Amino acid sequence: MSLSKRPMSRRPEVDAPPAEERLIPLSQAFQDRFGRAPLGAAEAPGRVNLIGEHVDYNQGLVLPAAIDRSVLVAFAPRPDAEMRLYSLDFDEESRFSLAEPIGRDDAHPWSNYLRAVAWVLAEEGCSGPGLDLVVAGNVLIGAGLSSSAALEVAALGALRAAWGLDLDDRRVALLAQRAENEFVGVQCGIMDQFAAALAVADHALLIDCRSLEYQQVPLPLAERGLALVVADSGLPRRLEESEYNRRREECAEALRLLQAAMTGRRPGSLRDVSMADLEEHIACLPPALFRRARHVVGEMERVGTGVDALRRGDLEAFGGLMNASHASLRDDFEVSCPELDRLTELAQGLSGVLGARLTGAGFGGCTVNLVQVEAVEAFREQVVGRYSGETGLAGRTYVCRAADGLRIWPLASH
Ligand code: GLA
């Protein structure tokens, strides 16, 4: 098909340069900007959610994987309380002082995530000297791959290292979420920050969002000749925040109604509600809320079944659950859109695709696909190429590896 001849760059979509290579221009930029070498750089990845969508804030299990696209934050302490932040991607600088209350800088929105983590550490009673920081990332921004969580976790990693703070990675994730909720003002759950902080390469991260316990689940993709393919719809997430908050409220309202109806056994969250409970109390829920709850309860079941399938190496079964997850997000939770549905439909119709679903909050952004390696080229052309031709949107294909979470790279020799 002629669409395969689209003049789209292919290499950068396939192989992201490893952090080792990106550290060289990062250090150089630091040197140019601040006249000295950075002490080190913290790195935190973006993520895809394999399954368990809109479940984290309902206290269920989720299964994201970190991807090999990340944010780097190079750092060096200063002799005063100034924080000088430079974004290599935006070529912009923003400054504030740790000696004064930390406010926002909406002329440089990227800097608010760094301000947020400095603010949350101050709230926790942690302190240290001012810092020079240079930020550079290759996580697609605004595409549902959690670039903001990656930035928050990398920034916390940099401040932890520079200030010698005794915080484990789990605590870093929780602080990053608090920074996002209370300073940035987005009511996200815990999934993205946990993935950015705690993921391990070639594993998915199973997070119990009620107990906050987590486990690494091996992802035997290469052994099975499979690739993790992220397809960007090219559609910026619209309505995401308002609709996201509305879905959270709808879940809370469904829970309240179920609590009032299930007098014998009052559920503490939708985690405590089974599909049989839902069917039994269908009359107490307006139809839309019933569908919202059916997605959440069904998705929680799919995560459990999916983890069992992964553990026994049944990736076909896992792929089938991904497809079912997309259908439920589309029909019951209503967070998809025609573009994501088309991208998913084309993928599911291609031989060699085991599963395809929207990933993240929805309303645009990306899909995640489990694809046989030999079908990746066909995916690029017959799924994303065809989608782009039909919609006029710049769809893109990213072949990802499941990567490590937060890490620190020492840099300075003087
Ligand atoms: C966003 C939020 C997450 C999660 C997903 C939906 O990515 O940041 O906490 O709720 O949406 O699964």
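The structure presented is a predicted model; accordingly, all values stated were derived computationally and were not measured.
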Is there a donor-acceptor contact under 3.5 Å linking the side chains of [X] and [Y]?
X    : Y    : result
T359 : N49  : no
T391 : E339 : no
S325 : R357 : yes
H326 : N323 : no
Q28  : D32  : yes
D105 : N112 : no
S269 : N58  : no
T367 : N369 : yes
D277 : S274 : yes
R330 : T344 : no
R95  : S111 : no

Which atom pairs, one a donor and one an acceptor, fall under 3.5 Å between side chains of residues 216-226 and the rest of the protein, sequence neighbours left out?
unit_1	atom_1	unit_2	atom_2	d
Q216	NE2	L198	O	3.0
R224	NH1	G313	O	2.3

Checking [X] side chain against [Y] main chain: does a donor-acceptor pair fall under 3.5 Å?
X    : Y    : result
D208 : S211 : yes
E53  : G360 : yes
N138 : S70  : yes

Taking all heavy atoms of [X] and all of [Y], pick out the closest pair and write down the distance.
X    : Y    : result
S27  : L411 : OG-CD1, 3.6 Å
G46  : V139 : N-CG2, 3.9 Å
G395 : S388 : N-OG, 3.0 Å
D404 : P45  : O-CG, 3.2 Å
L156 : A176 : CD1-N, 3.5 Å
D341 : S336 : OD1-OG, 2.6 Å

Once rounded to the nearest 0.5 Å, what's the spacing between atom [atom1] of [X] and atom [atom2] of [Y]?
X    : Y    : atom1 : atom2 : answer
L61  : C209 : CG    : SG    : 7.5 Å
H54  : M191 : NE2   : CE    : 8.0 Å
L350 : Q382 : CG    : CD    : 5.5 Å
I51  : F318 : CD1   : CZ    : 5.0 Å
Q59  : L212 : CD    : CG    : 9.0 Å
R84  : E82  : CZ    : CD    : 8.0 Å

A side-chain contact here means heavy atoms from C-beta on lying under 4.5 Å apart; do [X] and [Y] qualify?
X    : Y    : value
L174 : F194 : yes
F333 : E299 : no
L165 : L121 : yes
L145 : V230 : yes
R69  : Y398 : yes
E43  : R22  : yes
Y244 : R248 : yes
V229 : T397 : yes

Looking at [Y] and [X], is any side-chain nitrogen of the basic one under 4.0 Å from a carboxylate oxygen of the acidic one?
X    : Y    : value
E182 : R178 : yes
E390 : R342 : yes
R380 : E377 : yes
E334 : R292 : yes

S233 and R396: CA distance, side-chain angles, deciding distance, side chain to side chain donor-acceptor pair (under 3.5 Å) verdict: CA-CA 7 Å; S233 68; R396 278 171 167 261; over 6 Å; no
CA sep, side-chain torsions, deciding dist, call: L151, V73, side chain to side chain contact (heavy atoms under 4.5 Å, CB included): CA-CA 8 Å; L151 176 51; V73 178; 4.3 Å; yes
Derivation of the side chain to side chain contact (heavy atoms under 4.5 Å, CB included) call for L228 and V399: CA-CA 6 Å; L228 189 59; V399 179; over 6 Å; no
Option passing side-chain hydrogen bond (donor to acceptor under 3.5 Å, both in side chains) with Q193 (candidates R47, E152, Q177): E152
Sole candidate of D169, D168, D166 that passes side-chain hydrogen bond (donor to acceptor under 3.5 Å, both in side chains) when paired with R160: D169
Worked verdict on V303 versus L321 for side chain to side chain contact (heavy atoms under 4.5 Å, CB included): CA-CA 8 Å; V303 177; L321 292 160; over 6 Å; no
Side chain to side chain donor-acceptor pair (under 3.5 Å) evaluation trace for H295 with D331: CA-CA 9 Å; H295 164 73; D331 301 336; over 6 Å; no
Stepwise side chain to side chain donor-acceptor pair (under 3.5 Å) test for S328 and R294: CA-CA 8 Å; S328 175; R294 183 165 63 186; over 6 Å; no
Would you give me the side-chain donor-acceptor pairs under 3.5 Å for residues 33-41, sequence neighbours excluded?
unit_1	atom_1	unit_2	atom_2	d
R33	NE	E93	OE1	2.9
R33	NH2	E93	OE1	2.8
R36	NH1	P77	O	3.0
R36	NH2	P77	O	3.1
R36	NH2	D132	OD2	2.7

Side chain to side chain contact (heavy atoms under 4.5 Å, CB included) between L133 and L114, intermediate numbers included: CA-CA 9 Å; L133 299 173; L114 296 134; 4.0 Å; yes
